[in-house]
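Working notes, beginning with the structure itself.
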Amino acid sequence: MDRYTLNKNLAQMLKGGVIMDVTNVEQALIAEEAGAVAVMALERVPADIRKQGGVARMSDPQMIKEIKKAVSIPVMAKVRIGHFVEAQILQAIGIDYIDESEVLTPADEMFHIDKKSFDIPFVCGARNLGEALRRIGEGAAMIRTKGEAGTGNVVEAVRHMRSIMSEIRRVMMLPAEERMTFAKEIGAPVDLLEYIAEHKKLPVVNFAAGGIATPADAALMMQLGCDGIFVGSGIFKSGDPAQRARAIVKATTHYNDPNIIMEVSEGLGEAMVGIEIDKLEDQYAKRGW
Amino acid sequence: MIKIGILALQGAVIEHIQSLNKIEDILVVEVKRAEQLLEIDGLIIPGGESTAIGKLLREYNMMEPLKRLINSGLPVWGTCAGMILLAKAIVNDEEVYLDVLDVSVRRNAYGSQLDSFQSSAMIEKVAEHDIPLIFIRAPYIEKCGPDVEILLTLDGNIVAVEQDNILATSFHPELTEDLSFHKFFINKIKAFLGKSYAASL
C-alpha cells in the first residue's frame with residue numbers, strides 16, 4: 001500500500017470532528033480540551049490577516065513546534081499556494097498535515113504544489129468539484145471548501161459545499177459516454193471522475209471551512225454532507241472561546257439533533273463580528289484555480 | 001437479528017458500517033447517546049482521535065454507563081483509538097478512559113504519520129487466510145495482564161488482544177475489504193448473547 005493511501009486513511013480518522021485555528025499554546029490547549037480532533041497552528045487567524053493586510057506567510061517554525069509539543073492531537077499548518085519550500089520546512093518539522101491555503105498570500109499564480117512529491121498529507125481548499133479533483137490529482141489527501149475565511153459568514157462555504165455535492169450527484173447519473181466531456185467541462189482528471197461514478201463519493205474526505213462561526217453553522221455544513229468542520233476565526237474571535245469551541249464540537253457530533261444544537265447555542269455570548277461578502281476588498285476564495 | 005452499535009462521536013464510523021452491511025442479518029446503529037447503549041448487542045469503538053473521543057464520552061455522560069456495561073459483559077471491539085480508550089493504562093499519560101482492558105498501551109507507538117504502514121498476518125483464531133493489516137498512527141500494547149489473550153504479535157509488538165468480552169486491535173480491518181475480524185466479533189457477540197448485562201446502566 002502506498003503512502004498516499006495511508007495519508008487518505010489518516011484523514012478518515014478525523015471525520016465527524018472539528019479542527020480549530022490556534023495562534024499559541026494556550027489556545028491549542030483550549031481547543032484540545034474542547035474536543036478538537038486537530039489544531040491548525042498559525043500566527044494570525046484569517047480575520048486578523050484580513051484586517052491587518054500585507055503578505056501573509058507560513059508561521060514561525062518555532063511557534064508551530066511549541067504547539068506540537070503541547071498537544072497530543074494532530075497539528076496542521078498552512079503554506080502559501082505554490083510555495084513548496086514552505087512545505088518542505090513543515091515536512092522537516094514533522095507536522096501532521098500541510099494546508100496549502102488561499103488564506104495566505106499565494107506564492108505562485110500559475111501552479112499549485114506537486115503534493116505527490118511529499119510524504120506528509122496535504123489538505124487543499126476547493127469551490128467546486130473540478131477544483132477539488134484537480135487538487136486531489138496533485139496529491140491532496142483531504143479537501144475542504146474554501147468558503148470565505150475570516151468573515152464569520154457561512155454563505156460561501158454553503159455555496160461551495162452545495163456545488164461539490166450537486167456535481168457529485170450529477171457524475172453519478174452520467175452515462176459512461178458523457179463522462180469525458182464532463183471532465184473536460186469542469187477541468188477534472190477523468191480517472192477521478194470515473195472513481196466518483198463507481199464509488200458514489202469523493203476519493204478523499206471533504207471538510208467544511210471558511211466562515212463557520214456558530215454551532216448551527218457547523219450542523220448546517222454537516223447536514224449538507226461534509227465529513228467534518230474547520231473553524232478559523234470563529235472561536236478565538238468570539239466572547240467565550242472555550243464554551244463556543246465545546247458547543248461547535250457538540251453540534252458537529254449531533255448535527256441531526258435540533259434539541260442538542262438548541263441547548264449548546266444558548267448563552268454562548270458574542271459571536272465574531274461578521275462581514276458581508278460583497279463588502280470585501282479581497283475574496284480569498286478566488287485565489288488558486 | 002444482531003444489533004451492533006458503532007460509537008459515533010467522531011472517527012471512522014461509516015467504514016465500520018459499510019463493512020458490517022456486507023454481512024447478513026446484522027443491524028447497525030450509530031450510537032451517540034447513553035440510552036442507546038442499552039439497545040445494542042455489541043459495540044465497536046472506531047478509530048479516530050482518542051483524546052477527542054475520550055473527552056466527548058465524558059462530556060456526554062457516556063463514560064460511566066459504558067464502563068459498567070462492558071464490565072458486566074457487553075461485547076466491545078476497539079480499533080486503534082478504541083484500543084486506547086479501553087486500556088487500563090496509557091504509557092506517558094496519567095489519564096485513562098474506560099479502564100476495562102488490562103493492558104498498557106502506547107499512543108502513536110510507531111511514530112508519526114510517516115511511520116504508518118500496511119502489513120498482513122495469519123491469525124489462526126480469526127481466519128484461515130492472511131488478513132491485511134493497516135496501521136495509521138497506531139498504538140501497540142506493551143504489557144498485558146494475566147487474563148488477556150494475545151491474538152497477534154507483529155515485529156515484537158502486541159497489536160491484537162482479547163479479554164473475555166473485549167476485543168482490541170491496533171490496526172483497521174474496516175479500511176480493508178477483508179471481513180474476518182468483523183465476523184469474528186459477531187461470533188463473539190453470539191457467544192455472549194443471552195447473558196444479561198443490560199440491567200446495569
Practice problem: To the nearest 0.5 Å, tell me how far A/Asp96 CG sits from B/Gln113 CD. | Solution: 8.0 Å
Self-check item: Rounded distance [0.5 Å steps], CD in A/Glu33 versus NZ in B/Lys55
Solution: 4.0 Å
Quiz item: Taking atom NZ of B/Lys67 as the centre, does the number of heavy atoms from other residues, nucleotides or ligands within less than 6.0 Å exceed 12?
Solution: yes
Quiz item: Counting only heavy atoms not in B/Glu95, do more than 12 fall under 6.0 Å of its CD?
Solution: yes
Quiz prompt | Check against side-chain contact (heavy atoms from CB on, under 4.5 Å), A/Lys15 and B/Val13 | solution = CA-CA 8 Å; A/Lys15 283 199 302 189; B/Val13 176; over 6 Å; no
Quiz item: Side chain, backbone, both or neither: which part of B/Ala8 has an atom under 4.5 Å from a heavy atom of chain A?
Solution: backbone
Exercise. Of all the heavy-atom pairs spanning A/Leu6 and B/Ile134, show the shortest one and how long it is.
Key: CD2-CG2, 3.9 Å
Exercise. State the CG-CD distance between A/Leu14 and B/Gln10, to the nearest 0.5 angstrom.
Key: 7.0 Å
Exercise. Name the region of A/Pro121, side chain, backbone, both or neither, that has any atom closer than 4.5 Å to a heavy atom of chain B.
Key: side chain
Quiz item: If you count heavy-atom pairs under 4.5 Å between each of A/Val205, A/Leu10, A/Asp119, A/Asp227 and chain B, which one has the most?
Solution: A/Leu10
Quiz item: Does A/Arg3 use its side chain to pair, donor to acceptor, with the backbone of B/Ser116 at less than 3.5 Å?
Solution: yes
Quiz item: What is the distance from atom CD1 of A/Ile120 to atom CG of B/Leu114, rounded to the nearest 0.5 Å?
Solution: 4.5 Å
Quiz prompt | CZ on B/Arg137 to CG on A/Asn9, rounded to 0.5 Å | solution = 14.0 Å
Quiz item: Is it the case that more than 12 heavy atoms not belonging to B/Lys22 sit under 6.0 Å from its NZ atom?
Solution: yes
Practice problem: Count the heavy atoms belonging to other residues, nucleotides or ligands that lie under 6.0 Å from CD of A/Glu26, then report whether that count exceeds 12. | Solution: no
Quiz item: What part of A/Val71 gets closer than 4.5 Å to chain B, counting heavy atoms only: side chain, backbone, both or neither?
Solution: neither
Self-check item: A/Arg162 atom CZ: more than 12 heavy-atom contacts under 6.0 Å
Solution: no
Quiz item: Which value, rounded to the nearest 0.5 Å, describes the distance between B/Thr79 atom OG1 and A/Met13 atom CE?
Solution: 7.0 Å
Quiz item: Using a heavy-atom distance cut-off of less than 4.5 Å, which residues of residues 253-263 of chain A contact chain B?
Solution: A/Thr253, A/His254, A/Tyr255, A/Asp257
Quiz item: Nearest heavy-atom pair of A/Gly35 and B/Ala52: which atoms, and what distance?
Solution: O-CB, 3.4 Å
Quiz item: Can you say whether A/Glu32 sits under 4.5 Å from chain B via the side chain, the backbone, both, or neither, judging by heavy atoms?
Solution: both
Quiz prompt | Proximity breakdown for B/Glu174 and chain A, heavy-atom pairs closer than 4.5 Å | solution = side chain
Quiz item: With a cut-off of 6.0 Å (strictly less than), are more than 12 heavy atoms of other residues, nucleotides or ligands near NZ of B/Lys143?
Solution: no
Quiz item: In this structure, are over 12 heavy atoms from other groups packed under 6.0 Å from B/Glu177 atom CD?
Solution: no
Exercise. May I ask you to check whether over 12 heavy atoms, not counting those of A/Phe84, lie within 6.0 Å of atom CZ?
Key: no
